[in-house]
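In what follows, a structure is listed as structure tokens, so that the remarks can point back to it.
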Amino acid sequence: MKRVIKWTIRLILLALLGWASWLFYAYWTSTNDCDQSAVAPPNPMKAIVSCEYGAANLQLRELEKPAPLDNEVLVRVRAASINPVDGHMIRGSWLMRPMSGMRKPKNTRFGTDFSGMVEAVGKNVTKFKPGDEVFGAKNGAVADYICVKADRAIVMKPNNITFEQAGSVAVAGLTALQGLRDKGRIQAGQKVLINGASGGVGTFAVQIAKSFGAEVTGVCSTHNVDLVKSIGADHIIDYTRQDFTRTDQRYDMIYDLVGNHSFSERRQILTPNGICVLAGIGGAGFHPESGGRILGNFKDAFQSNFTSQKFVFYIAKLTKDDLTVLRDLMQSGKVAPVIDRTYKISQTQDAVRYLEEGHARGKVVVTTE
């Protein structure tokens, strides 16, 4: 037995040494393409790059203007928007670094949501032409130009919204649509409570839930009551004056973008077969309570396996079909993106800082012109 214990300890120590050596090697060999892009390009465009972790290290640089492949569309970007996930990626938490780059970000481009005008198309592209106004999602969106595969997350922009509004839609709109429809299984006539109704995803969620025929209650601060009412909420709960879990009202769905109440507190305001969609942890940035809320979402989802009420979390998918659904909702006037502030591309650091303060009303947009 002593021999078994001794060899077991040796194997554990050897494994730990190997793991530490791998981390050391991965850290010091981690690099990106920033040094290559430091050379002045022959066909320059402006783009935001993240060569080092941290919002303070975002840089406006000149990169080579891309050329579309046969199945791609070249878009002249007019507007893009900042999402909480962008901040998480450039912050580079240690849990994410084995995937995103140990010492430096592997992916140096910044932003996902975009809107703009098609400048050129590849020879195999038939559904878009130069001059088309489009919006969608593509890594590296905060730039003068991006190339997007024509069959991916890019669709025609509705003519009744601005480029700034269209550039704010993809991530937040898809998160709200897929959470309510696919995870919450929303139905007409249901009572739906949206906790965090005034934020980027929340303002989309209120309007999308209304488009499905739900009776919507929005939870927000006093400052945002008028905004949430103006986008269609039937009832408003000001969380500075009332705890939404202390009520006799029962909801078919809680769409929770904050996660600031316990499993049992939310269960008591759900109907017997109600669903709580765990869609966020209280806005952008990483705050003292963020870690606990992330772990709480996992715990709540696991606990709900033993109850009739379900707690579910998810990651939104950037799909062309669902962007088309959002386009149609905007074209019909049922959804209108809410813009809080607009920044120039040279002010991208300021845009990220503002979003991560956690008080944005709707979306924060960056324009390239």
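FYI, side chains are in, hydrogens and waters are out, and symmetry mates aren't considered; it's all heavy atoms of this structure.
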Checklist line | Validation row: V171, L174 side chains within 4.5 angstrom (heavy atoms) | finding: no
Next item on the list: Kindly say whether the aromatic ring centers of F244 and Y239 come within a distance under 6.0 Å.
Entry: no
Margin query: If I compare all heavy atoms of K210 with all of V216, which pair ends up nearest, and what's the gap?
Written below: CD-CG2, 3.6 Å
Notebook entry, point to check: Of all heavy-atom pairs between G116 and F163, which one has the smallest distance, and what is that distance?
Noted result: O-CE2, 3.4 Å
Less than 3.5 Å apart, which donor and acceptor atoms pair up between the side chains of residues 191-202 and the rest of the protein, not counting sequence neighbours?
from : atom 1 : to   : atom 2 : distance (Å)
N195 : ND2    : D256 : OD1    : 3.0
N195 : ND2    : N260 : OD1    : 3.1
S198 : OG     : N224 : ND2    : 3.1

Notebook entry, point to check: Are F110 and L58 close enough that some pair of their side-chain heavy atoms sits under 4.5 Å apart?
Noted result: yes
Margin query: Could you go through V364 and Y343, starting from their C-alpha distance and side-chain angles, then the distance that decides it, and tell me whether this counts as side chain to side chain contact (heavy atoms under 4.5 Å, CB included)?
Written below: CA-CA 8 Å; V364 175; Y343 293 82; 3.8 Å; yes
Throw together a table of side-chain donor-acceptor distances under 3.5 angstrom for residues 127-135, partners on residues two or more places apart or in other chains.
from : atom 1 : to   : atom 2 : distance (Å)
K129 : NZ     : D132 : OD1    : 3.0
D132 : OD2    : K129 : N      : 2.8
E133 : OE1    : K157 : NZ     : 3.4

Notebook entry, point to check: Taking NZ, NE, NH1 and NH2 as the nitrogens, is one of them in R76 or D144 under 4.0 Å from a carboxylate oxygen of the other?
Noted result: yes
Next item on the list: Please report the closest heavy-atom contact between C51 and P105, naming both atoms and the distance.
Entry: O-CD, 3.5 Å
Check: Do H359 and Y354 have ring centroids that are under 6.0 Å from one another?
Finding: no
Item checked: S81 side-chain N/O to G167 backbone N/O, donor-acceptor pair under 3.5 Å -> yes
Check: Do I254 and I269 have side chains that get closer than 4.5 Å, going by heavy atoms?
Finding: yes
Note to self: Between I154 and V75, does the side chain to side chain contact (heavy atoms under 4.5 Å, CB included) criterion hold? Intermediate values first, please.
What the structure shows: CA-CA 10 Å; I154 178 172; V75 178; 4.0 Å; yes
Next item on the list: Taking the side chain as every heavy atom from C-beta outward, state whether L60 and K46 have any pair of such atoms under 4.5 Å apart.
Entry: yes
Next item on the list: Might you point out which heavy atoms bring Q242 and I237 nearest each other, and give the distance in Å?
Entry: O-CG2, 3.9 Å
Notebook entry, point to check: Under a 4.0 Å N-O cut-off, is there an ion pair linking K104 with E52?
Noted result: yes
Note to self: If I compare all heavy atoms of V125 with all of N71, which pair ends up nearest, and what's the gap?
What the structure shows: CG2-C, 3.7 Å
Item checked: side chain to side chain donor-acceptor pair (under 3.5 Å) involving Q249 - partner list, sequence neighbours excluded -> none
Margin query: side-chain hydrogen bond (donor to acceptor under 3.5 Å, both in side chains) for T245 and D243? Distances and angles first, verdict last.
Written below: CA-CA 5 Å; T245 65; D243 183 340; 2.8 Å; yes
Check: Between Q187 and D252, does any side-chain donor sit less than 3.5 Å from a side-chain acceptor?
Finding: no
Item checked: NZ/K310: more than 12 non-hydrogen atoms of other groups inside 6.0 Å -> yes
Notebook entry, point to check: Quick check: are there more than 12 heavy atoms from other residues, nucleotides or ligands sitting under 6.0 Å from NZ of K149?
Noted result: no
Note to self: Could you walk me through whether F313 and F298 satisfy the ring pair (Phe, Tyr, Trp, His ring centres under 6.0 Å) test, starting with their C-alpha distance in whole Å, then the side-chain angles of each, then the deciding distance to 0.1 Å, before giving a yes or no?
What the structure shows: CA-CA 8 Å; F313 60 88; F298 284 97; 4.8 Å; yes
Item checked: Test side chain to side chain contact (heavy atoms under 4.5 Å, CB included) applied to L227 and V338, step by step -> CA-CA 9 Å; L227 167 65; V338 177; 3.9 Å; yes
Notebook entry, point to check: Is there a side-chain hydrogen bond (donor to acceptor under 3.5 Å, both in side chains) between R353 and Q349 once you walk through the steps?
Noted result: CA-CA 6 Å; R353 290 193 192 99; Q349 283 191 20; 2.8 Å; yes
Next item on the list: Check whether any side-chain heavy atom of I82 lies under 4.5 Å from a side-chain heavy atom of E356, and answer yes or no.
Entry: no
Item checked: Side-chain touch L270/C276, heavy atoms, less than 4.5 angstrom -> yes
Next item on the list: May I have the step-by-step check of side-chain hydrogen bond (donor to acceptor under 3.5 Å, both in side chains) for D238 and T222, ending in yes or no?
Entry: CA-CA 6 Å; D238 179 348; T222 307; 2.3 Å; yes
Check: Does the pair K138 and D113 meet the rule for a salt bridge (Lys or Arg N to Asp or Glu O under 4.0 Å), with working shown?
Finding: CA-CA 7 Å; K138 177 68 165 62; D113 301 337; over 6 Å; no
Next item on the list: Would you mind checking if K65 and E119 are paired as a salt bridge, meaning a charged N to carboxylate O distance below 4.0 Å?
Entry: yes
Note to self: For the CZ atom on R250, are there more than 12 heavy atoms of other groups (residues, nucleotides or ligands in this structure) within a distance under 6.0 Å?
What the structure shows: yes
Note to self: Quick one, I146 and N139 - any side-chain contact, counting heavy atoms below 4.5 Å?
What the structure shows: no
Notebook entry, point to check: Is there side-chain contact between Q309 and T271, with heavy atoms separated by less than 4.5 Å?
Noted result: no
Notebook entry, point to check: side-chain hydrogen bond (donor to acceptor under 3.5 Å, both in side chains) with D322: which of K317, R327, R181?
Noted result: R181
Notebook entry, point to check: Do any N or O atoms from the side chain of E64 and from the backbone of N43 form a donor-acceptor pair under 3.5 angstrom?
Noted result: yes
Note to self: Please evaluate residues D151 and K320 with respect to the criterion salt bridge (Lys or Arg N to Asp or Glu O under 4.0 Å), reporting the C-alpha separation (whole Å), side-chain torsions for both, the decisive distance (0.1 Å), and the verdict.
What the structure shows: CA-CA 7 Å; D151 61 349; K320 192 181 194 75; over 6 Å; no
Checklist line | Closest contact, heavy atoms only, A336 versus Q207 | finding: N-OE1, 2.7 Å
Note to self: Between Q178 and Y314, does the side-chain hydrogen bond (donor to acceptor under 3.5 Å, both in side chains) criterion hold? Intermediate values first, please.
What the structure shows: CA-CA 9 Å; Q178 293 170 7; Y314 66 106; over 6 Å; no
Check: Is the backbone of A150 close enough, under 3.5 Å, to the side chain of E72 for a donor and an acceptor to pair up by distance?
Finding: no
Item checked: Verdict with supporting geometry, L278 and V312, side chain to side chain contact (heavy atoms under 4.5 Å, CB included) -> CA-CA 6 Å; L278 306 168; V312 295; over 6 Å; no
Note to self: Please tell me whether V155 and V77 are part of a single hydrophobic cluster in this structure, the criterion being side-chain heavy atoms less than 4.5 Å apart.
What the structure shows: no
